[in-house]
Amino acid sequence: EKKAIVIEGIHSLPTSKKKKSLIEKLAGSKENIILFEKKPLTKTMLKKFANATLFEFKISNTLWSFLDSLGQDTPKSTLKKLDQVLAQNDAFFVFTMISRQIRLLIQVKDGGQVKGAPFMIQKLNRQAKNFSLNKLLQIHARLFDIDQKQKTSTSYFDLAQELDLLLLKM
């Protein structure tokens with residue numbers, strides 16, 4: 001078995017001797033090193049990791065558009081957008097993002113404070129008007145049920161089909 005070292009956010013730490021020393025040790029290490037960063041690394045940062053293989057995972061605009069349209073479009077339009085999103089993303093990732101969106105909508109509808117950019121909060125407020133709190137809680141319960149069935153292999157449907165059914169019932 002190969003060993004791997006996973007470090008999150010090392011480049012976002014304040015500049016210090018310890019940080020510099022750690023980066024030098026990692027750069028000289030023969031272990032597999034995975035650096036997880038929220039922002040892309042600059043060329044200067046990457047120079048120290050000459051043999052690195054880079055992967056960048058951006059969330060597509062199609063997915064954001066789909067999430068913003070939940071509860072606002074016709075079922076046919078929503079299902080069409082879901083198909084487009086599933087063609088570009090893993091079903092579990094889409095499921096996770098739908099769960100996140102419903103959680104944020106519940107938070108907004110219940111009067112909680114949502115952290116984020118003002119435009120995002122404005123979109124959530126506008127979208128939350130299309131749902132009652134009870135409806136959002138029902139959707140959340142359904143998401144939990146789907147998650148349990150998928151993890152215990154007790155569903156008759158795959159995750160993409162479960163998402164289709166969920167959106168039809170929304």
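Along the sequence shown, the residues carry numbers beginning at 1.
- Atom CG of residue D83 and atom OG1 of residue T78 lie 11.0 Å apart, to the nearest 0.5 angstrom.
- Using a distance-only test at 3.5 Å, with no hydrogens or angles considered, no donor-acceptor pair links the side chain of K123 to the main chain of D68.
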- request: Please step through side chain to side chain donor-acceptor pair (under 3.5 Å) for the pair Q84 and T62, ending with a clear verdict.
  value: CA-CA 8 Å; Q84 292 170 345; T62 309; 6.0 Å; no
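- When all heavy atoms of L67 and Q101 are compared, the closest pair comes out as O-NE2, 3.6 Å.
- In plain terms, the two heavy atoms of Q113 and Q107 that are nearest each other are O-NE2, 3.0 Å.
- One distance of note links NE2 of H140 with CG of L133; it measures 11.5 Å at 0.5 Å rounding.
- Residue I34 is not grouped with residue I5 when hydrophobic side chains (ILVMFWY) are merged at heavy-atom distances under 4.5 angstrom, including chains of intermediate members.
- Hydrophobic clustering, with ILVMFWY side chains joined whenever heavy atoms are under 4.5 angstrom apart, keeps F144 apart from L136.
- The CG atom of L79 sits 4.5 Å away from atom CG of L168, with the distance rounded to the nearest 0.5 Å.
- For residues 3-28, the set of pairs meeting the side-chain hydrogen bond (donor to acceptor under 3.5 Å, both in side chains) definition, not counting sequence neighbours, comprises H11-E37.
- The two atoms that bring A160 and A91 nearest to each other are N-CB, 4.2 Å, heavy atoms only.
- Applying the side chain to side chain contact (heavy atoms under 4.5 Å, CB included) criterion to T44, with sequence neighbours excluded, gives T42.
- Within the 4.5 Å cutoff, the side chain of I10 has heavy atoms near those of the L26 side chain.
- Here CG of L163 is found 10.0 Å from CD of Q161. Values are rounded to the nearest 0.5 Å.
- More than 12 heavy atoms of other residues, nucleotides or ligands sit less than 6.0 Å from atom CG of N32.
- Closest non-hydrogen pair, L105 versus A128, comes out as CD2-N, 3.7 Å.
- The distance from the CG atom of L13 to the CD1 atom of I7 is 9.5 Å, given to the nearest 0.5 Å.
- A 4.5 Å side-chain heavy-atom check between I98 and F66 finds at least one atom pair inside the cut-off.
- Here D164 pairs with nothing under the salt bridge (charged side-chain N to carboxylate O under 4.0 Å, His left out) rule; sequence neighbours left out.
- Residues Y156, F157 make up the rest of the hydrophobic cluster containing L165, defined by ILVMFWY side-chain heavy atoms closer than 4.5 Å, directly or through other members.
- The nearest pair of heavy atoms linking F95 to L143 is CZ-O, 3.3 Å.
- Residue pairs that meet the side-chain hydrogen bond (donor to acceptor under 3.5 Å, both in side chains) test with at least one member in residues 143-152, sequence neighbours left out, are R142-D145, D147-K151, T152-T154.
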message: Before you tell me yes or no, could you show the steps for M97 and V85 under side-chain contact (heavy atoms from CB on, under 4.5 Å), namely the whole-Å CA-CA distance, both residues' side-chain angles and the distance that decides it to 0.1 Å?
response: CA-CA 11 Å; M97 293 301 288; V85 167; over 6 Å; no
message: With side-chain contact (heavy atoms from CB on, under 4.5 Å) as the criterion, how do L70 and L167 come out once you've worked through the C-alpha distance, each side chain's angles and the decisive distance to 0.1 Å?
response: CA-CA 8 Å; L70 291 176; L167 293 180; 3.6 Å; yes
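- Put simply, the side chain of I121 does not reach to within 4.5 Å of the side chain of V108, judged on heavy atoms.
- The minimum heavy-atom distance linking Q88 with S60 is given by the pair OE1-OG, 3.3 Å.
- Formation of a donor-acceptor pair under 3.5 Å by the Q127 side chain with backbone atoms of G71 is not found in this model.
- To the nearest 0.5 Å, the span separating CG on L104 from CG on L124 amounts to 5.5 Å.
- In this view, D110 satisfies the salt bridge (charged side-chain N to carboxylate O under 4.0 Å, His left out) rule with no residue, not counting sequence neighbours.
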